Structures are given as C-alpha cells and as structure tokens.
Amino acid sequence: NAAITVAERTVDAAERASRAEIILQIDERFTQFDHVNKAFRDQTIERFLLPDERGLDQWSDVDKYMGVFERIHSFVELNLMDIGFVWDFYGYRYVNVVRSEVVRERCLKKQQSSWFRFIDLGQQMQCYLDASIPTNLRSPEQEPGHYLAMITDPETSALPSMPKVNQSIP
C-alpha cells in the first residue's frame with residue numbers, strides 16, 4: 001500500500017508540474033504578442049491593423065494571438081486546464097478581442113468555421129460566468145450571455161454554428 005501511495009503522489013506531482021509548464025508556455029506565447037494585446041486593450045486595434053508604409057498589416061499577428069486561445073481551448077477539452085482558471089487568468093484578453101468590431105466581422109462572423117475553437121472557448125467561459133457569479137454581484141458586463149451577444153448575428157440572434165470539437169489535437 002505504501003508503494004502505491006508513493007507512486008500516486010509521484011504521478012500527481014508530475015501532472016501538476018506538467019500543467020504548470022503549460023501555463024508558463026501560454027504566458028510566454030502571449031508575451032510574444034504584447035503589442036497586439038496593447039492594441040486590443042487600448043481599443044486601437046483598427047488603427048493597428050492599417051497597412052504600414054510598406055503596405056503590410058498586422059493581421060498575421062492578430063491571427064496568431066487569437067490562435068493562442070485555440071490552444072487553450074484544446075487544453076480545456078483535454079482536461080489539462082479548468083475553464084474557471086482560463087477565465088480568471090486570460091478572460092480579460094479574450095474580452096478585449098471580442099470587443100473589436102473589425103475582429104468580430106472578419107474572423108468571428110465571416111470566418112467563423114475557421115475560428116470555432118476560439119468561439120467555443122468563449123461559450124464555455126460564458127457558461128462558467130453565468131453559473132458562478134451570483135446575480136447581485138454581477139457588473140453589466142457579467143450579465144448572462146453578455147459576451148456571447150457580442151458575437152451573435154444581430155439579424156438572427158443566433159450564435160455562429162460550430163462543429164463538434166474533437167477531443168484530439170490535430
């Protein structure tokens with residue numbers, strides 16, 4: 001019995017270390033895109049996306065930044081990260097992205113099938129918020145469905161349709 005207990009503790013410690021490593025890698029990846037985060041946070045993303053003097057825009061960096069959320073989604077689906085943890089540590093970044101009209105139009109509406117993991121992560125965070133924050137403690141931004149409403153089709157009031165997410169990472 002003692003050997004089994006030691007083995008279980010060893011596996012537990014290794015699992016916690018692995019999860020901690022994932023979190024550090026996500027943080028490092030987000031740090032690589034601080035300039036994108038700043039543009040979203042300061043609500044200057046539309047200006048940030050304008051072509052520079054060479055005619056180049058920053059869409060590829062925005063795509064990569066949003067792609068970090070898709071990786072997070074995969075970690076949540078594989079039960080390597082808890083959705084509450086994701087909201088607490090990365091929710092503000094997600095909200096800053098979906099606040100951008102240009103991103104909502106280009107990515108979340110016109111290219112929604114390409115961004116279904118990003119959108120599904122938002123749905124999971126919204127469900128977490130709706131279930132975990134008591135009504136009397138909510139700010140207007142925390143009202144049920146608030147963030148999902150930002151990416152809802154205003155004509156049909158429907159969320160983008162998304163395929164069922166496979167548990168495996170491609």
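Here the structure is a predicted model, which means the values were calculated and not measured. Sequential numbering from 1 along the given sequence is applied to the chain's residues.
In the model, E28 has no side-chain atom that pairs as donor or acceptor with a side-chain atom of Q32 under 3.5 Å.
Each of Y92 and W87 belongs to its own hydrophobic cluster when Ile, Leu, Val, Met, Phe, Trp and Tyr are linked at side-chain heavy-atom distances under 4.5 angstrom.
Residues passing the side-chain hydrogen bond (donor to acceptor under 3.5 Å, both in side chains) test with D27 are Y90, sequence neighbours excluded. Every residue was checked against the salt bridge (Lys or Arg N to Asp or Glu O under 4.0 Å) condition with D61, not counting sequence neighbours, and none meets it. For F89, the ring pair (Phe, Tyr, Trp, His ring centres under 6.0 Å) partners are F85, not counting sequence neighbours. Checked against side-chain hydrogen bond (donor to acceptor under 3.5 Å, both in side chains), R71 has no partners two or more places apart in sequence or in another chain. For E105, the salt bridge (Lys or Arg N to Asp or Glu O under 4.0 Å) partners at least two apart in sequence or on another chain are K109. Every residue was checked against the side-chain hydrogen bond (donor to acceptor under 3.5 Å, both in side chains) condition with D63, not counting sequence neighbours, and none meets it. A search for salt bridge (Lys or Arg N to Asp or Glu O under 4.0 Å) contacts involving R19 returns E15, not counting sequence neighbours. Residues passing the ring pair (Phe, Tyr, Trp, His ring centres under 6.0 Å) test with F33, sequence neighbours excluded: none. With sequence neighbours excluded, no residue satisfies side-chain hydrogen bond (donor to acceptor under 3.5 Å, both in side chains) with E70.
Side-chain contact between K64 and V36 is absent, with no heavy atoms from C-beta onward closer than 4.5 Å. A heavy-atom distance below 4.5 Å is not found between the side chains of Y94 and I72. Considering only heavy atoms from C-beta on, N37 comes within 4.5 Å of Y65 through its side chain. By the 4.5 Å heavy-atom criterion applied to side chains, V98 and F118 are counted as neighbours. The side-chain heavy atoms of M66 and L108, taken from C-beta on, include a pair separated by under 4.5 Å. In this structure the side chain of V86 never reaches within 4.5 angstrom of the side chain of Q124, judged on heavy atoms. In this structure the side chain of D88 reaches within 4.5 angstrom of the side chain of Y128, judged on heavy atoms.
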Table please: side-chain donor-acceptor pairs of residues 38-47 below 3.5 Å, with sequence neighbours left out.
from : atom 1 : to  : atom 2 : distance (Å)
K38  : NZ     : D42 : OD2    : 2.7

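Smallest separation of non-hydrogen atoms from H73 and L121: CD2-N, 3.6 Å. Residues C107 and W115 come closest through the heavy atom pair O-CD1, 3.3 Å. Across K110 and R106, no two heavy atoms sit closer than the pair CB-O, 3.6 Å.
Once rounded to the nearest 0.5 Å, the distance linking CD of Q58 with NE2 of H35 reads 5.5 Å.
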